[in-house]
Protein chains: 2
Amino acid sequence: MSVDLDAKTRGKREETKASNRQAIIDAARRVFAELGYGATTVRDIIRATDLASGTFYNYFKSKEEVFQALQDETALRVRPRLRAERIRARNFEEFISGSFRTFFDFVKNDRTTFATMRSNHPEMSRVRIDTPEVIAGFDELRADLEVAIENGVVPDTDPNLLMASIVGVAFEVAHEMLTRDLAVEDTAKFATALFLGGVQALPKRKA
Amino acid sequence: MSVDLDAKTRGKREETKASNRQAIIDAARRVFAELGYGATTVRDIIRATDLASGTFYNYFKSKEEVFQALQDETALRVRPRLRAERIRARNFEEFISGSFRTFFDFVKNDRTTFATMRSNHPEMSRVRIDTPEVIAGFDELRADLEVAIENGVVPDTDPNLLMASIVGVAFEVAHEMLTRDLAVEDTAKFATALFLGGVQALPKRKA
DNA sequence: GACCGAAAGTGACGCCCCGTCAACTTTCAT
DNA sequence: ATGAAAGTTGACGGGGCGTCACTTTCGGTC
């Protein structure tokens, strides 16, 4: 149905264009997961599809760019959940705890994505890439933090530093959670307590 | 003098061995800084010395391995400073604030190293690699945290989660500090306040 | 339905990097 | 002085890179 609809709506041209792009992204996801980001080549990716090597470059400039597309796909799945959680929150505690719980839950249920997101060489290095979609997600978070500050729920502190702290803790603690197979709930409680206690003590923002 | 001494002590053999190794590491530092980690090749590094390509492989297996050596050199410079600061600390507040101040100070005065440490593709991705020396530094920190917990200065919480949080905040906030050219003192105050306030609220460790 | 121009796919090509290895040079102990 | 061990060298086969001339596919026009 939807294929027919797509075909009629977009024509065969656009149709295969979209499906080729997705085929490359899907192949990349598989290959990255298997070989690790550093070890995989554009050739590995294209070999995992039924396209020719030249075709790859009609869609992406490099493996970095496919990787970014993958990141964006991931961010696109997580962002709405985080946003929903923040909207539901009735105070700063729910804001923080809901965000951490949602993020850790995603990480736990999607280890592979998170691992690919973080690791170049398995077990050895960790990477985090900021793509437009990821940046947009961070901006959204910062905007909400600023609202919390305006409402006096959070002291008038530097929202960017606060955001950086939250992000740093989220990623690093998530890694620890996976390494030691901790429960999402406990991990979220830890991170939440740290920030709820800590935020009250933060220094006032400078002029 | 020291060259002669070295020559006599170790013989010409060991002498040039050490100097070749260092030449490669130094070249790597320059090339990484100029091209970024991802873009540099083993050939780029070896071309920046007066050695032949084959010689590289007598010293390192890959560019990853040189990179690790660089990381270790960095860790070797920072660790003693952090350790000294921790030993000087007379309570948990000094422990935390001294560590953050020292680390941020290092980052500020050594932007290039930190940038190379963190970035593959300038402005886009960030990487942190755990080499033996880095891991040893973390272990040291965790051991001191455990002592603080035993002494009752810090609640009986999970030291690994606490360490992950500190590390996450340290790196992420340092990045923010560089990006916006914040003062070391202010940045350290922020991070310190967050943890001093937060630590008291942390959940008790599970059995 | 035949025709044509544009869009997309193809894979061979030239370039460079990879890690190895046989030949060569240097060191050092005798 | 000499020979064996340690270390250096760069050429080599294998492969990935990004490009480009050529082919195929699509869709609008008559």
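Keep in mind the model is a prediction, meaning the values are calculated, not measured. All chains are named by letter (A, B, ...) in the order of the sequence lines, taking the proteins before the strands, and each is independently numbered beginning at 1. What you see below is based on every heavy atom in this structure, not just the backbone, and it leaves out hydrogens, waters and symmetry mates.
Atom pair B/R43:CZ and C/dT20:C1' shows a separation of 10 Å (rounding to whole Å applied). Between the C1' atom of D/dG7 and the CD atom of B/E15 lies a distance of 15 Å, rounded to the nearest Å.
Nucleic acid contact for A/N20: sugar-phosphate only, since backbone atoms but no base atoms lie under 4.0 Å from a heavy atom of the residue. Nucleic acid contact for A/Y59: sugar-phosphate only, since backbone atoms but no base atoms lie under 4.0 Å from a heavy atom of the residue.
Toward the 5′ end of DNA chain C lies the nearest nucleotide of B/Y57, the other residue of the pair B/Y57 and B/E14 mapping further downstream. A residue-by-residue look at B/V42 and A/T55 shows that A/T55 has its nearest nucleotide of DNA chain C further toward the 5' end.
The base of D/dC26 is paired with the side chain of A/R13 by a donor and an acceptor separated by under 3.5 Å.
For C/dA7, the OP1/OP2 oxygens have no side-chain nitrogen or oxygen of A/K17 closer than 4.0 Å. Between A/S53 and the phosphate of C/dG11, there is no side-chain N or O to OP1/OP2 separation shorter than 4.0 Å. The phosphate of C/dC17 (OP1 or OP2) has a side-chain N or O of B/R47 nearer than 4.0 angstrom. Using a 4.0 Å cut-off, some side-chain N or O of A/N58 falls inside it from OP1 or OP2 of C/dG9.
What you find for A/R43 and A/S53 is that their closest heavy atoms are NH2-OG, 3.6 Å.
Each of A/D44, A/D50, A/T49 was evaluated against A/R47; a single residue qualifies, A/D44, per the side-chain hydrogen bond (donor to acceptor under 3.5 Å, both in side chains) test.
Applying the ring pair (Phe, Tyr, Trp, His ring centres under 6.0 Å) rule to pairs touching residues 12-35 of chain A yields A/F32-A/Y37, A/F32-A/F67, sequence neighbours excluded.
Residues satisfying the ring-ring contact (aromatic ring centres under 6.0 Å, His included) test with A/Y59, not counting sequence neighbours, are none.
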